[in-house]
Amino acid sequence: MAPIVHLVRHAQGYHNLSLENQWIHDPDLTDLGMKQCEDLCATFPYQGKITHLVASPIRRTIFTCQYSFAPAAKAGKKIIALQDAQEVSFYPCDTGSDVNKLKEEFGGLVDFQHVTEDWNDKTPGSKYYPDPKKLEARARSARLFLRDLIKDAGDDAQVVLVTHGGILHFLTEDWSGIDPGRGTGWVNTEYRSYEFADKTGQDPNASLVELPESCRRRKGSEVALTDAEKREWRAAYDEMFEEELKDCIEGFAKRQATVKTEA
């Protein structure tokens with residue numbers, strides 16, 4: 001059996017409750033979000049097979065990983081923080097906390113050695129500004145990281161990556177099922193299982209392919225999209241993405257103008 005990568009969207013955070021809550025910086029999970037973690041922990045069928053835990057350094061993904069995969073975390077597996085797996089937008093809810101603050105909060109639970117001091121810089125000139133080409137590049141970088149992480153762990157390796165609804169489409173190179181209301185085709189704590197398309201480990205893109213049983217679990221079918229359908233979904237995502245970016249920029253401008261007026 002080839003190594004498996006389980007991709008998971010985080011549980012519900014307070015930013016998921018309303019558009020206004022997108023201005024909350026690095027928010028906590030809601031009570032429902034905590035319940036979603038408990039449910040995933042109870043129903044995830046591969047708990048005893050997890051070899052690696054990885055999460056975006058944003059707090060809600062770390063908490064989701066900690067509570068949803070509690071058996072592995074309690075057994076001593078550290079959660080590896082992967083900054084390239086952070087969410088796409090630069091709303092405050094999708095901008096992480098300073099790494100030193102995260103180290104104080106999570107202590108030895110999380111391995112932050114791969115997180116740089118500027119990981120939460122999302123200004124236009126930064127690596128993490130929400131530009132489609134930059135997003136494609138860092139999604140590729142994240143896939144390569146995962147492939148390197150498990151290359152010496154044997155064919156039975158199973159890595160869990162807890163991340164976000166937007167970047168998941170770039171990680172999987174699959175834009176199907178987009179819901180404009182939540183900006184993603186993934187629901188909270190949904191997981192899908194993948195393997196690397198190239199079993200030799202030479203693919204420079206490290207592309208993933210969803211496992212048949214994962215497709216059946218969520219779609220009831222293994223029927224793949226046609227190339228034309230894939231292009232249509234990507235075009236729909238790009239249109240939605242541009243509109244969200246515009247709204248975010250305008251929102252920041254309005255808030256800055258309000259601050260200047262009040263001053």
Side-chain angles (χ1 to χ4, degrees), residues 1-9 44-57 61-62 65 68-69 72-73 75-88 110-116 119 127-128 132-176 185-186 190-219 222-225 227 230-231 233-234:
M1 185 180 72
I4 295 174
V5 178
H6 302 288
L7 298 180
V8 186
R9 187 186 175 207
F44 185 73
Y46 312 105
Q47 291 285 8
K49 298 181 179 180
I50 296 171
T51 56
H52 302 80
L53 294 174
V54 186
S56 154
T61 45
I62 296 176
C65 192
S68 299
F69 306 101
K77 292 190 188 303
K78 281 197 172 187
I79 299 170
I80 301 169
L82 179 60
Q83 63 187 41
D84 283 342
Q86 64 180 290
E87 185 56 303
V88 302
V110 181
D111 178 356
F112 289 104
Q113 67 172 306
H114 304 289
V115 181
T116 60
W119 82 278
K127 176 182 179 180
Y128 296 109
K133 292 299 182 183
K134 290 183 177 182
L135 292 168
E136 290 171 3
R138 70 171 168 97
R140 182 184 310 112
S141 176
R143 292 192 300 270
L144 289 169
F145 178 90
L146 294 175
R147 190 174 70 185
D148 288 343
L149 180 67
I150 60 179
K151 69 179 180 180
D152 296 324
D155 289 343
D156 292 331
Q158 296 202 29
V159 57
V160 167
L161 169 59
V162 182
T163 180
H164 309 266
I167 195 63
L168 276 163
H169 290 287
F170 288 89
L171 287 167
T172 61
E173 299 172 288
D174 175 3
W175 285 268
S176 63
W186 295 60
E190 178 179 354
Y191 75 91
R192 304 178 192 177
S193 304
Y194 299 79
E195 62 183 5
F196 289 101
D198 175 21
K199 305 299 190 299
T200 70
Q202 302 302 308
D203 174 16
N205 198 50
S207 291
L208 296 167
V209 59
E210 189 173 7
L211 297 178
E213 58 265 35
S214 180
C215 291
R216 289 194 299 269
R217 182 179 63 243
R218 67 187 184 88
K219 298 192 299 184
E222 298 174 36
V223 178
L225 295 176
D227 289 342
K230 291 178 182 178
R231 288 193 294 270
W233 276 113
R234 177 61 196 263

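- No side-chain heavy atom of Ile79 sits less than 4.5 Å from a side-chain heavy atom of Asp111.
- Looking only at distances, a side-chain donor or acceptor of Arg147 sits under 3.5 Å from a matching main-chain atom of Asp203.
- The distance from atom OG1 of Thr163 to atom CG of Leu7, rounded to the nearest 0.5 Å, is 8.0 Å.
- Under the 4.5 Å side-chain criterion, counting only non-hydrogen atoms from C-beta, Arg138 is in contact with Lys127.
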- Evaluation steps, side chain to side chain contact (heavy atoms under 4.5 Å, CB included), between Glu136 and Glu173: CA-CA 9 Å; Glu136 290 171 3; Glu173 299 172 288; over 6 Å; no
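- The structure places CZ of Phe112 at 9.5 Å from NZ of Lys78, a figure rounded to the nearest 0.5 Å.
- Taken to the nearest 0.5 Å, the OG1 atom of Thr61 stands 9.5 Å off from the CD atom of Glu87.
- Closest approach of Arg217 to Tyr191, counting heavy atoms only: NH2-O, 3.0 Å.
- Arg140 is not listed as a side-chain neighbour of Ser207, based on a closest heavy-atom distance of 4.5 Å or more.
- Counting only distance, with no hydrogens or angles, the side chain of Gln86 and the backbone of Trp119 share a donor-acceptor pair below 3.5 Å.
- Side-chain contact between Asp156 and Thr51 is absent, with no heavy-atom pair separated by less than 4.5 Å.
- Judged by the 6.0 Å distance and 45° axis criteria, Arg234 is positioned over the aromatic ring of Trp175.
- Taking every heavy atom of both residues into account, Ala81 and Val110 meet most closely at CB-CG1, 3.9 Å.
- Closest of all the heavy-atom pairs between Pro57 and Val115 is CG-CG2, 4.0 Å.
- For Asp227, the side chain to side chain contact (heavy atoms under 4.5 Å, CB included) partners at least two apart in sequence or on another chain are Lys230, Arg231.
- Among all heavy-atom pairs drawn from Gly185 and His169, the shortest one is N-NE2, 2.9 Å.
- The distance from atom CG of Leu146 to atom NZ of Lys151, rounded to the nearest 0.5 Å, is 13.5 Å.
- Remark: Ala72 pairs with Ile50, Leu53, Lys77 by the side chain to side chain contact (heavy atoms under 4.5 Å, CB included) rule, at least two apart or across chains.
- Atoms CG and CZ, on Leu208 and Phe196 in that order, are 5.0 Å from each other to the nearest 0.5 Å.
- Among all heavy-atom pairs drawn from Val162 and Cys65, the shortest one is CG2-CB, 3.7 Å.
- The side chain to side chain contact (heavy atoms under 4.5 Å, CB included) test applied to Ala142 returns Leu82, Asp84, Leu171, not counting sequence neighbours.
- A 4.5 Å side-chain heavy-atom check between Val8 and Trp186 finds every atom pair outside the cut-off.
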- Task: Check the pair Glu195 / Val5 against side chain to side chain contact (heavy atoms under 4.5 Å, CB included), numbers first and verdict last.
- Result: CA-CA 6 Å; Glu195 62 183 5; Val5 178; over 6 Å; no
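- Between His164 and Ser56 there is a side-chain heavy-atom pair separated by less than 4.5 Å.
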- Item | Step-by-step side chain to side chain contact (heavy atoms under 4.5 Å, CB included) determination, Val160 to Val54 | CA-CA 6 Å; Val160 167; Val54 186; over 6 Å; no
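- Between His6 and Phe44 the shortest side-chain heavy-atom distance falls below 4.5 Å.
- Between the side chain of Gln83 and the backbone N or O of Thr116, at least one donor-acceptor pair lies under 3.5 Å.
- Taking 4.5 Å as the limit, every side-chain heavy atom of Ser214 sits out of range of all side-chain heavy atoms of Tyr194.
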- Would you please test Arg192 and Thr172 for side chain to side chain contact (heavy atoms under 4.5 Å, CB included) and show each step? CA-CA 10 Å; Arg192 304 178 192 177; Thr172 61; 5.9 Å; no
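- The 12-atom threshold is not exceeded at NZ of Lys49, counting heavy atoms of other residues, nucleotides or ligands nearer than 6.0 Å.
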- His114 vs Phe145, ring-ring contact (aromatic ring centres under 6.0 Å, His included): CA-CA, chis, key distance, verdict: CA-CA 10 Å; His114 304 289; Phe145 178 90; 5.0 Å; yes
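- In this structure, Ser193 and Ile4 approach most closely via the heavy-atom pair CB-CG2, 4.2 Å.
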